[in-house]
Amino acid sequence: MAIRRLKRRPEFLQVASSGQKAATPGLVLQARARADADPLRVGFTASRKVGGAVVRNRAKRRLRAAAEAVLGPKGLRAHDYVLIARAETVRRPFQLLLSDLDRALERVGRGGEGR
RNA sequence: UCAGACGGCUGGACGGCCGCGCGGCGCCUUCGGGCGCCGGGAGGAAAGUCCGGGCUCCACGGGAAUACGGUGCCGGGUAACACCCGGCGGGGGCGACCCCAGGGAAAGUGCCACAGAAAACAGACCGCCGGCGCAUGCGCCGGCAAGGGUGAAACGGGGCGGUAAGAGCGCACCGCGGGUCCGGCAACGGUCCCGGCACGGCAAACCCCACCGGGAGCAAGACCGAAUAGGGGCGGCCGCCCAGGGUCGAAAGACCGCUGGGAGGCGCAUUCCCGCGCCGCCGCCCGGGUUGGUCGCGCGAGGCGUCCGGCGACGGACGUCCCAGAUGAAUGGUCGUCCCCCGCCCAUUGGCGGGGACAGAACCCGGCUUACAGGUCGUCUGACCCC
């Protein structure tokens, strides 16, 4: 299934300022509930701190693959998620990266309004 | 076999599962799109953005001079270059080869740290030689610049003669300068003759000479498209000088940018000469397009192969292929097997763990520069061994 992407800078800023946040060794997750009932949306961020262009692209691709696997079945409708890459994102074994995202999603969901 | 020089190629392989974006075809569609099949989807540097072009828009009238920037041995290659090839000159290496910003220093200005006596019209610290005086090694006077010392560099080099000691003072050689002739398209090289040391170095110091050069860049630019500003048209108001015209007036004159010209200001890199364009305020209408979308946007100085010309860079002919096109930015994620490297354990097989370089297209080409684990091929050089 195709997940809608966040693309505009204002959309990212909105999630960062008004959403919730959970940090794990492999990634940082930000989440925000929207008023409408549209499907969930997701965005990816990898700053210069992570590495050069090659490393940042690879980090985004791994986060995208993890989002397909975890957010697809478990993500909430009408939510915006932003996954932020860290230095570990590229080196972390993939199974651990998946469980990182799983736990982060749980922690964020507990604080929010739920389904 | 070892050591080395130069040039080229390559940049992990295979498979399973799950994906991304592009194109084509087919089907479906609520016209937003969806599904299926097929095809192709990162680099040698895609990097730095340092040169040269294509392309696009802007500026674009001519001449002279100036300024600014760049290039700098010669010949060739090329669309072009600061690139490449072949030479020349200088330097390094036993050699294969490598390195050089390599025009002009008798046009002028300037600089040459430290050290050293002295750093550029020469001069004399230690010294050398002669004379005089005496307390025989010092003082004074004169001659000298070969020797020592300093330095990146010391007013030709070292040799013979010569001399009190010395000095191109004399001689031959080398260097330097001028000329003749020969070879070469040329840079330049060589022969012979003459001169008799005059002309230190630095031009990546200013400078001089020769040649070249509009500006900005795909966020260029075009189209579709709410609002604002600028632009065009109409109406009104204001404005320096001259001429024409118009209105009012009997006239004097007054008024009117309606027409032409001038002055002034601004622009065309600067200056000069000629030349060209534009010219303030308010209202209404037309129109205008930031974000967004579409195009630009990949058939090209194109790749590969064969043959021909050329020492080579490269050129030509024929055949053949179509080969990324994203825009919060696709070209992948993951697992397994194998390959290579490293560490540890057993140390024969083997086992465990870790690692696999530099790096990601953004309009496109030609170069340069920088980064890079490893593998591989070819040519050549020097040593040693064998025949």
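Quick note on labels: first sequence line is chain A, next is B, and so on, each numbered from 1. If you're wondering where the values come from, they're calculated on a predicted model, not measured in any experiment.
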d([atom1], [X]; [atom2], [N]) in whole Å:
{"X": "A:Leu98", "N": "B:rG19", "atom1": "CG", "atom2": "C1'", "result": "14 Å"}
{"X": "A:Arg64", "N": "B:rG328", "atom1": "CZ", "atom2": "C1'", "result": "12 Å"}
{"X": "A:Leu63", "N": "B:rG333", "atom1": "CG", "atom2": "P", "result": "12 Å"}

Once you apply the 3.5 Å cut-off to both distances, tell me the Watson-Crick or G-U wobble partner of [N], or none.
{"N": "B:rA124", "value": "none"}
{"N": "B:rU191", "value": "none"}
{"N": "B:rC173", "value": "B:rG157"}
{"N": "B:rC140", "value": "B:rG131"}
{"N": "B:rG382", "value": "B:rC2"}
{"N": "B:rC363", "value": "B:rG54"}
{"N": "B:rC281", "value": "B:rG236"}
{"N": "B:rA47", "value": "B:rU369"}

If the glycosidic angle is within 90 degrees of 0 it's syn, otherwise anti, so just tell me which one [N] is.
{"N": "B:rC323", "value": "syn"}
{"N": "B:rC274", "value": "anti"}
{"N": "B:rG343", "value": "anti"}
{"N": "B:rA42", "value": "syn"}
{"N": "B:rG298", "value": "syn"}

Exercise. Tell me the side chain to side chain donor-acceptor pair (under 3.5 Å) pairs involving residues 48-58 of chain A, sequence neighbours left out?
Worked result: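 Side chain to side chain donor-acceptor pair (under 3.5 Å) check on residues 48-58 of chain A returns no pairs.
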Exercise. Which distance, rounded to the nearest 0.5 Å, do you find between the CG of A:Leu71 and the CG of A:Leu40?
Worked result: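 A:Leu71 CG to A:Leu40 CG: 5.5 Å, rounded to 0.5 Å.
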Problem set entry | Rounded distance [0.5 Å steps], CZ in A:Phe44 versus CZ in A:Arg61 |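 Separation between the atoms: 12.5 Å.
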Interatomic distance at [atom1], [N] relative to [M], whole Å:
{"N": "B:rG40", "M": "B:rA45", "atom1": "P", "value": "26 Å"}
{"N": "B:rC155", "M": "B:rC181", "atom1": "P", "value": "37 Å"}
{"N": "B:rC211", "M": "B:rC112", "atom1": "P", "value": "36 Å"}
{"N": "B:rC100", "M": "B:rG72", "atom1": "P", "value": "13 Å"}
{"N": "B:rG305", "M": "B:rC6", "atom1": "P", "value": "28 Å"}
{"N": "B:rA383", "M": "B:rC94", "atom1": "C1'", "value": "11 Å"}
{"N": "B:rU78", "M": "B:rC365", "atom1": "C1'", "value": "14 Å"}
{"N": "B:rG189", "M": "B:rC74", "atom1": "P", "value": "15 Å"}

Over all atoms of both residues, closest heavy-atom pair of [X] and [Y]:
{"X": "A:Tyr81", "Y": "A:Leu29", "result": "CD2-CD1, 4.0 Å"}
{"X": "A:Val50", "Y": "A:Ala85", "result": "CG2-O, 3.6 Å"}
{"X": "A:Ala66", "Y": "A:Leu101", "result": "O-CD2, 3.6 Å"}
{"X": "A:Gln30", "Y": "A:Val15", "result": "CB-CG1, 3.9 Å"}
{"X": "A:Gln20", "Y": "A:Val108", "result": "OE1-O, 2.8 Å"}

For this session: Please list, by residue number, the residues of residues 43-62 of chain A whose heavy atoms come closer than 4.0 Å to an atom of RNA chain B; answer none if no residue qualifies.
Result: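 Within residues 43-62 of chain A, the residues near RNA chain B are A:Phe44, A:Thr45, A:Ala53, A:Val54, A:Asn57, A:Arg58, A:Arg61, A:Arg62.
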Exercise. Considering only heavy atoms, which members of residues 84-95 of chain A lie under 4.0 Å from some atom of RNA chain B?
Worked result: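 Those residues whose heavy atoms fall under 4.0 Å from RNA chain B, taken from residues 84-95 of chain A in numerical order, are A:Phe94.
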For this session: Could you list who else is in A:Val54's hydrophobic cluster, with ILVMFWY side chains joined at under 4.5 Å, directly or through other members?
Result: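 Via sub-4.5 Å side-chain contacts, A:Val54 links to none.
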Got a list of side-chain donor-acceptor pairs under 3.5 Å for residues 88-95 of chain A, not counting sequence neighbours?
| residue | atom | partner | partner atom | Å |
| --- | --- | --- | --- | --- |
| A:Glu88 | OE2 | A:Arg91 | NH2 | 3.2 |
| A:Thr89 | OG1 | A:Gly26 | O | 2.6 |
| A:Thr89 | OG1 | A:Arg86 | N | 2.7 |
| A:Thr89 | OG1 | A:Arg86 | O | 3.1 |
| A:Arg92 | NE | A:Asp100 | OD2 | 2.9 |
| A:Arg92 | NH2 | A:Asp100 | OD1 | 3.2 |
| A:Arg92 | NH2 | A:Asp100 | OD2 | 3.3 |

Exercise. Who are the side chain to side chain contact (heavy atoms under 4.5 Å, CB included) partners of A:Ala69, not counting sequence neighbours?
Worked result: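 Listed in chain order: A:Leu98.
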